[in-house]
Amino acid sequence: MLRHVSTYLLFALVITSAQEPPFRVQTKVVQIPVSVTNQNGGSVDGLSAQDFTVLDNGIRQADVTLDDFSTGLAPISIGIVIQTSAASKPALVKISSIGGMIQPLIVGERGAAAVVTFDQNVRWLQDFTSDDIEIRSALKNLRASRSGEARMIDAIAEVADRLKERNGRRILLVIGESRDRGSDTGFQKVRELIERESIEVFGIHYSAYATAMVAKPEDLPESSPMVMSGDPNDWPPSPPTVNFLAIGAELARLASVKPVEVLAQLTGGFDDTFIKETALQRAIGRIGTDVHSQYVLSFPQLKPSRGIHQLEVTVPANRGVRIRSRRTYLAD
């Protein structure tokens, strides 16, 4: 009898084991876009994975692989986030001219772009598309609102959340003033989202005062030829009616963080500036050159520890080169 019971239990165990789903361990792959230039600013090509040293929280990573512009990079998805508050009207005339540059210079035929605006609201003018005509149309139809708000961080968070659904390389471009005005989302939350989803951030900012000074009269905001912003860098040398004592505390708060500049530094992008249309077009061209000449390093996160990880990338054998790369990532 005992023999029959033992046989039955063994048979049941085999059946149960066969029905259980296999246990799988998912390994997170950390991607690091790296720009390598010489002292003259030209791109350095021909490097291999073995030429780079990658440290994750100070620990050298042995299993580093490389995608570069010679082997073919993953398709690009770029979210273009544009300020459309009242102070933006002179700048929007110039920004409307870059629509024909996005598809050929940045995303290519395999990539996609979305166009999102922000003032007191966040609006999707165009969801992600590879259609050059749709991208041009969205940028051509930019309009300034009458609002003084500029919910930059809210817009970045919304686009970053949509970008996490995109395959390939994820890029976010913010065009606006350097400060946020009116967002509900905290900067730390949007930083964690950017770091978690491996999004590379670029910025092109402008001074509302400076762009108004070089604008045509018909391109100025209706309320005033000069719309004051919360950024003292946007102010003229002697604003006639500004009460500095009343706004001193607010300026101290605003001066603490320039969101796009910080995110660009953390993710391997850069923050550029413009006043005239030609400078804006050069900035777009620079972004296109940069993303298509980057090395994209990857390594598996074999022993994850929660929190923000510090990354350091060097090319030990080439001391004369300059490196701009992702500095952090967030492990859950």
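Residue numbers count from 1 along this sequence.
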Do the side chains of [Y] and [X] get nearer than 4.5 Å, heavy atoms only?
| X | Y | value |
| --- | --- | --- |
| T314 | L55 | no |
| E261 | S178 | no |
| S325 | Y295 | no |
| I156 | T185 | no |
| V201 | L266 | no |
| I32 | F299 | yes |
| F274 | I95 | yes |

Pairwise distance CG(D63) to CD(Q301) - rounded to 0.5 angstrom
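Reported value, rounded in 0.5 Å steps: 13.5 Å.
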Nearest 0.5 angstrom please: R326 CZ to I194 CD1, how far?
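It is 10.0 Å, given to the nearest 0.5 Å.
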Is it true that R282 and D272 have a side-chain N and a carboxylate O under 4.0 angstrom from each other?
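Here R282 does not pair with D272 in a salt bridge, since their nearest N and O are not under 4.0 Å apart.
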Between [X] and [Y], what is the shortest heavy-atom contact and its length?
| X | Y | value |
| --- | --- | --- |
| I78 | F128 | O-CE2, 3.5 Å |
| H205 | D271 | ND1-OD2, 2.9 Å |
| A114 | W124 | CB-CZ3, 3.8 Å |
| A113 | I135 | CB-CD1, 3.8 Å |

Answer yes or no: does atom CD of E109 have more than 12 heavy-atom neighbours from other residues, nucleotides or ligands under 6.0 Å?
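For E109, atom CD is not crowded (no more than 12 foreign heavy atoms under 6.0 Å).
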Using the rule that two of Ile, Leu, Val, Met, Phe, Trp, Tyr join whenever any of their side-chain heavy atoms come within less than 4.5 Å, decide whether V321 and V34 are in one cluster.
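Linked, V321 and V34 end up in one cluster.
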